Amino acid sequence: MRQNLFVPNKMGYARGENRPDVPCILCAIVEKDERVERLEVHSTELWTLSLNLYPYSPGHLLIFPNRHVLDVRELNTEEVIALHELQCMSVRVLERVYQPRGYNVGYNMGEASGASIPHLHVHVVPRYVRELGFVDIIGGARIIIEDPSVTQEKLAQVFAEMHN
């Protein structure tokens, strides 16, 4: 028996039904547009870090450039270096807050990749020993153990501590 204990409604979002009426959701986050749900935990001059609105696990982060970029090859050297530093910082923050046992880090570039937002972003997904895998999630129940607003508060505080 399939049971959904807490699953945000991503299907409508993926179809474009529940998306805010903005040209680019990630640009709207950078611009602090009130029409989008903002789960920002840290930002720099070049990059913004936000929780994923539809996380695979608690602490699932998105790192995206503040300028509208579609492809990793569009990044300049300064952005690439800053991105690497933020990926490392993200892992340190997630280790401190959640103690995951591994990470998935990567891009979805292009329509066929599963990218649902046409703005380059890196996923940093903490993974845990006893979590359900992707196939388990598709085929059955899923439990999200923490409200995203609680996750946002925890991570934003640690990013602020580590950045100062």
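Predicted, not measured: the structure shown is a model, and the values here were computed from it.
Between Val105 and Val122, the shortest heavy-atom distance links the atoms CG1-CG1, 3.9 Å. Residue Val125 comes nearest to Ser57 through the heavy atom pair CG1-OG, 3.6 Å, listed as atom of the first residue, atom of the second, then distance. A pairwise comparison of heavy atoms in Pro148 and Leu39 identifies CB-CD1, 4.5 Å as the closest pair. Residues Gly59 and Tyr98 come closest through the heavy atom pair CA-CE1, 4.2 Å. The minimum heavy-atom distance linking Tyr103 with Val91 is given by the pair OH-O, 3.3 Å.
Going from atom NE2 of His60 over to atom OG1 of Thr151 covers 12.0 Å, rounded to the nearest 0.5 Å. Note that the CG atom of Leu83 and the CG atom of Leu46 stand 10.0 Å from one another [nearest 0.5 Å].
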* Between Glu79 and Trp47, does a side-chain contact (heavy atoms from CB on, under 4.5 Å) hold up when you go through it step by step? -> CA-CA 8 Å; Glu79 289 168 325; Trp47 294 90; 4.0 Å; yes
* To do: Would you check, one step at a time, whether the test side-chain contact (heavy atoms from CB on, under 4.5 Å) holds for Val36 with Val22?
  => CA-CA 8 Å; Val36 298; Val22 295; 3.9 Å; yes
* Under the side-chain contact (heavy atoms from CB on, under 4.5 Å) criterion, do His42 and Met162 qualify, and how do the steps go? -> CA-CA 11 Å; His42 183 69; Met162 293 184 88; over 6 Å; no
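Two residues are said to be in side-chain contact when any heavy atoms from C-beta on lie closer than 4.5 Å; His123 and Asn104 fail this criterion. Contact of the Leu94 side chain with the Val124 side chain is registered, since non-hydrogen atoms from C-beta on lie closer than 4.5 Å. The side-chain heavy atoms of Phe64 and Val30, taken from C-beta on, include a pair separated by under 4.5 Å.
Within a 6.0 Å sphere centred on CD of Glu45, other residues, nucleotides and ligands contribute 12 heavy atoms or fewer. Counted within 6.0 Å of CG on Asp71, heavy atoms from surrounding residues, nucleotides or ligands total more than 12; the atom is thus considered enclosed. Other residues, nucleotides and ligands place no more than 12 heavy atoms under 6.0 Å from the CD atom of Glu153.
Using a cut-off of 4.0 Å between Lys/Arg side-chain N and Asp/Glu carboxylate O, Glu74 and Arg67 are scored as not salt-bridged. The pair Glu161-Arg96 meets the salt-bridge criterion, since a charged nitrogen lies less than 4.0 angstrom from a carboxylate oxygen.
His119 and His121 have their aromatic ring centers separated by at least 6.0 angstrom.
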